[in-house]
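Written out below as structure tokens is the structure these notes cover.
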Amino acid sequence: MNNINQIGFISTRIRQLKSAVMHTVGNEVFNLPDITVHAIDVDAGGFVWFTILKPTRNVVEEEKSFYVSLDFFKASLPFCLNISGVARLITSKEEIATLPQALQENITPERLMVSVKIKEVDYYEEEEKENETTTWFQKCRNFWNQALSLDEYYTPFHLRSAN
């Protein structure tokens, strides 16, 4: 899959899933608690955009970028995504003014815009469930394949960005 197809596939899945749990990784200076975020947009450059509540303390320039993982899932869908990347807080008025209007509309006095540059993606999809027309032999074969499998619920699909 080329990079354009990967971003298209990932953005489609993120739009379907919408919500993720964000974990900050390895940052003692700026460590947010795990929070649920809702993706607003995924652009062609491989950035996921969302807002978070402003931290209780002021954010200084050195703290504006940090590594995160985003775990996208929805109980009613048979797939999930785990994204790792570098998050950036968009705080300056000049930078906010350059954002598309659809993103600017989500910024309020209580919320900060965050962009995450996608670096790694793990995609998991549930294996197909058996139906009533499955033969006894197929059911036995499926049972043993599943019992001997290391990952019995999901088939992983892993993407890495070239950046």
Side-chain angles (χ1 to χ4, degrees), residues 1-55 59 62-91 95 99-100 102-103 106-107 111-131 134 138-139 141-163:
M1 222 188 300
N2 67 32
N3 197 32
I4 294 170
N5 288 344
Q6 289 176 356
I7 294 299
F9 176 81
I10 293 165
S11 62
T12 299
R13 292 302 194 210
I14 289 173
R15 285 184 183 98
Q16 291 170 321
L17 294 165
K18 296 180 186 149
S19 299
V21 175
M22 182 180 80
H23 312 277
T24 57
V25 180
N27 188 343
E28 291 88 31
V29 178
F30 187 67
N31 193 10
L32 292 172
D34 294 349
I35 56 174
T36 301
V37 297
H38 303 283
I40 299 168
D41 191 25
V42 182
D43 65 23
F47 288 89
V48 180
W49 296 85
F50 54 88
T51 61
I52 62 170
L53 287 174
K54 284 187 178 177
V59 178
E62 305 88 54
E63 299 174 340
K64 286 176 71 174
S65 293
F66 50 98
Y67 199 73
V68 298
S69 68
L70 298 170
D71 299 326
F72 284 91
F73 64 92
K74 192 174 197 177
S76 62
L77 295 175
F79 56 87
C80 63
L81 279 172
N82 299 87
I83 293 176
S84 300
V86 178
R88 243 178 30 83
L89 301 174
I90 312 299
T91 57
E95 198 172 5
L99 295 176
L103 292 176
N106 290 282
I107 300 171
R111 302 192 76 74
L112 290 175
M113 181 60 66
V114 179
S115 71
V116 175
K117 174 64 176 160
I118 298 172
K119 296 293 183 185
E120 286 187 42
V121 176
D122 289 309
Y123 175 75
Y124 300 93
E125 193 168 277
E126 283 183 20
E127 295 177 2
E128 287 186 30
K129 301 209 185 320
E130 297 175 353
N131 58 36
T134 305
Q138 289 171 323
K139 287 180 183 179
R141 188 182 66 199
N142 291 345
F143 171 79
W144 285 110
N145 283 340
Q146 192 174 25
L148 298 173
S149 171
L150 293 175
D151 190 1
E152 64 186 77
Y153 297 108
Y154 292 99
T155 304
F157 177 76
H158 185 77
L159 303 171
R160 289 186 187 266
S161 82
N163 300 344

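Residue numbers start at 1 and run along the sequence shown.
Distance check: Ile14 CD1 to Ile83 CD1 gives 3.5 Å after rounding to the nearest 0.5 Å. Taking CG from Leu112 and OG1 from Thr91, the interatomic distance works out to 7.0 Å, rounded to the nearest 0.5 Å. Here NZ of Lys54 is found 9.5 Å from CD1 of Ile107. Values are rounded to the nearest 0.5 Å. With rounding to the nearest 0.5 Å, the separation of OG in Ser69 from CG in Asp34 is 8.0 Å. Taken to the nearest 0.5 Å, the CZ atom of Phe9 stands 7.0 Å off from the CG atom of Leu81. Of the inter-residue distances, the one linking Gln6 atom CD with Ile118 atom CD1 reads 10.0 Å to the nearest 0.5 angstrom.
When all heavy atoms are compared, the tightest approach of Ile40 to Phe50 is CD1-CA, 3.8 Å. Pairing each heavy atom of Lys74 with each of Leu17, the nearest pair is N-CD2, 3.7 Å. Of all non-hydrogen atoms in Asp71 and Phe73, the two that sit nearest each other are O-CD2, 3.5 Å. Of all the heavy atoms in Asp43 and Ile7, the pair that sits closest is O-CG2, 3.6 Å. The nearest pair of heavy atoms linking Val116 to Ala87 is CG2-CB, 3.8 Å. The heavy-atom pair separating Tyr67 from Ser84 by the smallest distance is OH-CB, 3.2 Å.
At least one donor-acceptor pair closer than 3.5 Å links the side chain of Arg15 to the backbone N or O of Val42.
Within the 4.5 Å cutoff, side-chain heavy atoms of Trp49 are placed close to those of Leu99. The shortest side-chain heavy-atom distance between Val48 and Ile10 does not fall under the 4.5 Å cut-off.
Remark: Arg13 fails to qualify as a cation-pi partner of Tyr123 under the 6.0 Å distance and 45° angle criteria applied to the six-membered ring.
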Open item on the list: Walk me through whether Phe66 and Leu89 qualify under side chain to side chain contact (heavy atoms under 4.5 Å, CB included).
Closed with: CA-CA 9 Å; Phe66 50 98; Leu89 301 174; 3.8 Å; yes

Task: Worked verdict on Arg88 versus Val114 for side chain to side chain contact (heavy atoms under 4.5 Å, CB included) - done: CA-CA 6 Å; Arg88 243 178 30 83; Val114 179; over 6 Å; no

